[in-house]
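Heads up: the structure comes next, in structure tokens.
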Amino acid sequence: MANLPSPDTQAKVVSDAAQSFVEQYYDSLNKRQPLAQFYASASPHLTSASVKPDISVNGRVVESAAAYEALLDAQGRHVHYDVASFDAHPVNPNYATGCPDALALAADGSEAGGGLGRGKVAKSIKDGDRLSFVVQVSGTIRYGRPGDAAPAAAATSTAGAAAGAGDAAAGDGTPAVSAFNEAWLLVPHWEALGRNASRGLRRWVVSSQNFRAF
């Protein structure tokens with residue numbers, strides 16, 4: 001069996017990966033840019049292993065990343081997510097679900113497919129490339145701009161009836177605000193780890209998302 005990443009390595013990798021994810025995901029969310037690249041459905045290897053995004057919005061199951069984006073679109077344009085804090089922790093130091101043969105170790109610890117070259121698979125594991133980790137994010141959602149009439153979505157928070165929470169608008173032109181908490185599980189994006197990987201692929205993708213507004 002390959003050497004697993006040390007606790008210090010796990011902490012460093014997860015901290016950096018979580019910060020990158022939080023900054024880029026919520027920036028894309030606020031700019032209403034496509035979000036599909038952040039989810040496990042972007043990985044054919046994960047999809048073929050039956051890993052698909054498990055998305056829940058205030059207890060309601062959302063079938064796909066595309067369906068979640070449709071709910072976000074229903075809020076209107078002027079909805080902004082402000083992250084107040086986040087915390088992250090490693091889950092599995094050597095996540096293997098959906099791992100292609102070329103990136104795997106054989107049972108005896110040798111490289112099964114040799115796709116990365118001798119020793120590089122074990123080094124990838126030891127360096128923390130195969131980690132899965134959780135991220136807990138908290139913050140606020142602001143509906144509308146100063147002076148706007150209260151948007152309908154403000155009464156229900158993320159995606160209308162799907163969220164079922166959020167403060168009522170102030171009624172004086174002040175944007176309505178509600179708090180949110182979001183829990184994520186991210187796993188390796190195998191296509192980003194392979195030889196000749198396409199540029200721009202995210203190294204970790206979302207396999208679970210649980211959003212709560214209150």
Problem - Note, Pro44 side chain near Glu191 side chain (heavy atom, < 4.5 Å) - result: yes

Problem - Considering all heavy atoms, the nearest Leu131-Trp204 contact - result: O-NE1, 2.7 Å

Handout entry: Aromatic plane relationship, Trp184 with Phe21 - under 30° parallel, 30 to 60° tilted, over 60° perpendicular
Key = perpendicular

Fill in the blank from the handout: Rounded to the nearest 0.5 angstrom, the CG-CD distance for Leu29 and Glu69 is 9.5 Å

Exercise for the section: Check Trp190 against Leu103 and note the closest heavy-atom contact, atom names and distance. Expected result: O-CD1, 3.7 Å

Practice task
Identify the two heavy atoms, one from Ser138 and one from Asn181, that lie closest to each other, and give their separation to 0.1 Å.
Solution key: CB-ND2, 4.1 Å

Exercise for the section: Please report the C-alpha distance between Asp27 and Lys31 in whole Å, then the side-chain angles of each, then the deciding distance to 0.1 Å, and finally whether the salt bridge (charged side-chain N to carboxylate O under 4.0 Å, His left out) criterion is met. Expected result: CA-CA 6 Å; Asp27 182 62; Lys31 292 178 178 177; 3.3 Å; yes

Exercise for the section: Measure the spacing between CZ of Phe86 and CD of Gln136 and express it to the nearest 0.5 Å. Expected result: 12.5 Å

Problem - Aromatic ring pairing Tyr81/Tyr26, orientation class (parallel under 30°, perpendicular over 60°, tilted between) - result: tilted

Completion exercise
When every non-hydrogen atom of Val205 is compared with those of Pro188, the smallest separation belongs to CG2-O, 4.4 Å

Problem - Leu193 CG to Ser124 OG distance, which is reported to the nearest 0.5 Å - result: 5.5 Å

Exercise for the section: Any chance you could measure Lys120, atom NZ, to Asp127, atom CG, to the nearest 0.5 Å? Expected result: 12.0 Å

Practice task
Kindly give the heavy-atom pair with the smallest separation between Thr47 and Ala40, and that separation in Å.
Solution key: OG1-O, 3.9 Å

Handout entry: Under 3.5 Å side-chain donor-acceptor pair for Gln24 and Ser20
Key = yes

Handout entry: Closest heavy-atom pair and its distance - His189, Ser43
Key = CD2-CB, 3.5 Å

